[in-house]
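These notes concern the structure reproduced below.
Letters A, B, ... are given to chains in the order of the sequence lines, protein chains preceding strands, and every chain is numbered from 1. Because the structure is a prediction, the values reported are computed rather than measured.
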Number of protein chains: 4
Amino acid sequence: MQTEVAHRGRQPSPETEEAILEATREILAKEGVRGLTIEGVAARSGVAKTTIYRRWRSKHDLALAVLIVMVEQQVQSSHDLGDTRAELIAFVNRAIKILNTTLMGRVMQGLVSDFAADPELARAFREKVVTRRVEELTRILDRAIARGNIRRDADIEIANELLFGPVYYRLFLSGKPLNKDFAERAVDAFMAYARAGRGAPRK
Amino acid sequence: MQTEVAHRGRQPSPETEEAILEATREILAKEGVRGLTIEGVAARSGVAKTTIYRRWRSKHDLALAVLIVMVEQQVQSSHDLGDTRAELIAFVNRAIKILNTTLMGRVMQGLVSDFAADPELARAFREKVVTRRVEELTRILDRAIARGNIRRDADIEIANELLFGPVYYRLFLSGKPLNKDFAERAVDAFMAYARAGRGAPRK
Amino acid sequence: MQTEVAHRGRQPSPETEEAILEATREILAKEGVRGLTIEGVAARSGVAKTTIYRRWRSKHDLALAVLIVMVEQQVQSSHDLGDTRAELIAFVNRAIKILNTTLMGRVMQGLVSDFAADPELARAFREKVVTRRVEELTRILDRAIARGNIRRDADIEIANELLFGPVYYRLFLSGKPLNKDFAERAVDAFMAYARAGRGAPRK
Amino acid sequence: MQTEVAHRGRQPSPETEEAILEATREILAKEGVRGLTIEGVAARSGVAKTTIYRRWRSKHDLALAVLIVMVEQQVQSSHDLGDTRAELIAFVNRAIKILNTTLMGRVMQGLVSDFAADPELARAFREKVVTRRVEELTRILDRAIARGNIRRDADIEIANELLFGPVYYRLFLSGKPLNKDFAERAVDAFMAYARAGRGAPRK
DNA sequence: GACTAAGCGAGACGGTACGTCGCGTCTTAAA
DNA sequence: TTTAAGACGCGACGTACCGTCTCGCTTAGTC
């Protein structure tokens, strides 16, 4: 008469999940977010569509999941180099390198439009990806302030925008290559600003 | 059966074109690039799908056309204020205002992913939209150099990235509002950088 | 992820199939094969276009399916009347009556051009429709031979062509009505031929 | 005041007409009635669509025009061979040969469905194509009656159906090849019938 | 020689239907 | 209860042709 509560049935399998993510990665690499379809992932992974929907709300969600895994594997703390400029350049360059050499760049290009349409997706992206970067940046700037390299009241938010705004501008809009000396200039601009102070000499 | 070249056939009707663009604008305003479909534009404009395809290759192309018309109407030269910082702030704020108050912002968000997938689209966007901004910026910086406000060798490309990178970073990624004092900070950072010179004091 | 074969998934629903066939019949009756469109069948039946395509390759295939159902319902064995001529006349008249009173005539007219273009369709038609007639005819001729009414070596193929060639000639080309005494003449011609024998008196 | 009637303007050019027919023939040969489109004919002939529509109501009409030209070129009277059976066999074989070796067969297969849908087309076909055959057949049967080879009251209509019904049955429905001895059998059947008389021996 | 019809090419246009892709939901049977 | 399989309704895609419609030129007459 089914009075029991404890029936648990078949357990979700980790292999299934991995198969899905792997297929997603392969498709993403070959065709970008554009070519990513649930149908395609199901076919390539041998997993049923239903199973995928049980775990992710949309293909964007799925792409983001892949991206997050990627970010987590790339995590790497920047150590104290005793030189703020060098630390920042290394930091920005690390981000650039990931964008250039992994799926990250293509996935970002494909996902960015979805952030505006899907707040939940945007939230997840910021929480998992941006936050880490901001934390890292905070550590670097704290050291910089301690050393007296930059103003006490330098705003982390501005720092982030000045350093990475140009990076994504190139990735999304201008299509210019993201190379090394490019990072230097962004860092120099930020340093000039942060050293001088907000109310610094004008005109 | 004839050998002439000059036969021209029926000319594309401007009314038809306008009807399509207007319908596109309406849908874009209501539902964004996401909700834009050729089918929908055809239905709303009373124009046949085929006619739309005859003029634009894709809905992204169509959205871009709308955006370009918008930009062309907004064109406005910045006059000499005698103050570079003020001119730049006004310049950036003008862009921000357009993003905030017209369809431009939403359309950009929706279109940005397509630039990576469709080089032709990206090329058109840069040519029609970015180029104008760069020209304008050039004029401002020329005046600034003439006045001695910034270094002779300041790079227009960098200027563009430093000023607008943060703007689009907010629009695309962080979702933070694009308000007034935001423009000031980006301009101050650029000015600090451009005044100091590239090989300026380090550490 | 699994290796089994036996998963069966959701089964095609007979209601869906019947809805499609019924809508097809209605359209066929009203507008003929000419007016039959998958789009129309989908609309009238409330079934999705894709579902129709999942079951039939083309509208011709669909029309044939309807025709086959019709034929299967009309199947009716001719019993021994003790008189070959009477049996054949009844047989031909039965076919004529179906062509005259059901959709069969119109559908055949509309389908006939497709047989030449679509061998698969032609094959299906012959298998399902012609074969039955030939079987029936075989039984009648066997009885005729047993009675000594016709030659032992009368060819079933020729019989079929002599009896039904004129019928379809009228249906397809001359447009003359298919009435009763018409069948008699075709049967008489065949009987004269089959009784006389192939090498019979000439000139 | 336009009282005149006789303004004539530019005359339709025969070259244009021929170019259209030639293109039609080529397409018909390659792709059959199925692949025949006004658009295609216009493209291949270099003639404007409008010009084609000015002369023919539909692609079927156009195909029929081609077929009629073909028939007119093939016209050939059968001479008195002194032997009715031989004359009929030659007559049927001539028709078969045309169907087998020219476009006629394919065009007939493609057009036959349109006869039912387009009475005007059917009328034109009968008038231009069938009529000639019936006239020819009449001459042969007149000679046969004169010779006493067949009954006085043999019906020309029946003759036509008995002789050509089987031919078109093969062409349209059974797909069996139209070869030589096939004609003999149809003729023999007709002869047996026509010699014996309608009210001939039964049972 | 100017005027006036038509013929003609080119090609835009509104349509209808095509056949396909992918979505997200559902049903079924097996694990 | 999860899973693979796959049917299903749905919305949109981009394409093929349809038949009609300007448009501007060419070709013949007629006045």
Closest-nucleotide mapping onto DNA chain E: is C:R54 or B:V47 further toward the 5' terminus? I mean the 5' end. B:V47
Give the C-alpha distance, both sets of side-chain angles, the deciding distance and a yes or no for ring pair (Phe, Tyr, Trp, His ring centres under 6.0 Å) between A:F172 and B:F115. CA-CA 7 Å; A:F172 294 149; B:F115 291 150; 10.0 Å; no
If I take atom CD in residue B:E15 and atom P in nucleotide E:dG14, what distance separates them, rounded to the nearest angstrom? 11 Å
Ion pair present between D:R55 and D:D61, side-chain N to carboxylate O less than 4.0 angstrom? no
Strictly below 4.0 Å, N to O, side chains only: are B:K30 and B:E26 in salt-bridge contact? no
Quick check on F:dA7: is either OP1 or OP2 less than 4.0 Å from any side-chain nitrogen or oxygen of C:S13? no
Which listed nucleotide (F:dG19, F:dA12, F:dT15) is nearest to the side chain of D:I38? F:dG19
With a non-hydrogen cut-off below 4.0 angstrom, is A:T50 in contact with a base, only sugar-phosphate, or nothing? base
With rounding to the nearest 0.5 Å, note down the distance linking CG in A:L64 to CE in A:M108. 9.5 Å
Categorize D:Q11 for me: base, sugar-phosphate, or nothing, with a 4.0 angstrom heavy-atom threshold over every strand shown. sugar-phosphate
What is the separation between atom CH2 on A:W56 and atom P on E:dG24, rounded to the nearest whole Å? 15 Å
Measure from CG on B:L36 to C1' on F:dC13 and round the result to the nearest Å. 13 Å
Does the pair B:E15 and B:S13 meet the rule for a side-chain hydrogen bond (donor to acceptor under 3.5 Å, both in side chains), with working shown? CA-CA 5 Å; B:E15 289 80 23; B:S13 121; 3.3 Å; yes
Checking F:dT20, F:dC13, F:dT2 against the side chain of D:Y53 (C-beta onward), the nearest is F:dT20
Measure from the side chain of B:R55, starting at C-beta and using heavy atoms only, and say which of E:dT25, E:dA12, E:dC18 lies closest. E:dA12
Could you give the CD1-to-P distance, from D:I20 to E:dG7, as a whole number of Å? 12 Å
If only side-chain N and O atoms of D:T16 are considered, is one of them under 4.0 Å from the OP1 or OP2 phosphate oxygen of E:dG7? no
Any salt bridge linking A:E18 with A:R25? Criterion: basic side-chain nitrogen under 4.0 Å from a carboxylate oxygen. yes
Per atom distances to the B:A48 side chain, the nearest of E:dG15, E:dA17, E:dG7 is E:dG15
Whole angstrom is fine here: how far is it from CD1 in D:I27 over to P in F:dC17? 10 Å
Using whole Å, what does the distance between atom C1' of nucleotide E:dC18 and atom CD1 of C:I52 come to? 13 Å
Rounding to an integer number of Å, can you tell me how far D:L62 CG sits from F:dC17 C1'? 15 Å
Looking only at the side chain of C:R10 (C-beta and beyond, no hydrogens), which of the listed nucleotides F:dC17, E:dC23, F:dA7 gets closest? F:dA7
From NZ of D:K59 over to C1' of F:dC17, roughly how many Å is that when rounded to an integer? 9 Å
Considering heavy-atom distances to DNA chain E, does C:R57 or A:S58 have its closest nucleotide positioned more toward the 5' end? C:R57
From the options E:dA17, F:dC18, F:dA12, select the nucleotide whose nearest atom is closest to the side chain of B:E39. F:dA12
Tell me whether the side-chain N or O atoms of A:K49 pair up with the base of E:dG24 as donor and acceptor below 3.5 Å, since no angle test is needed here. yes
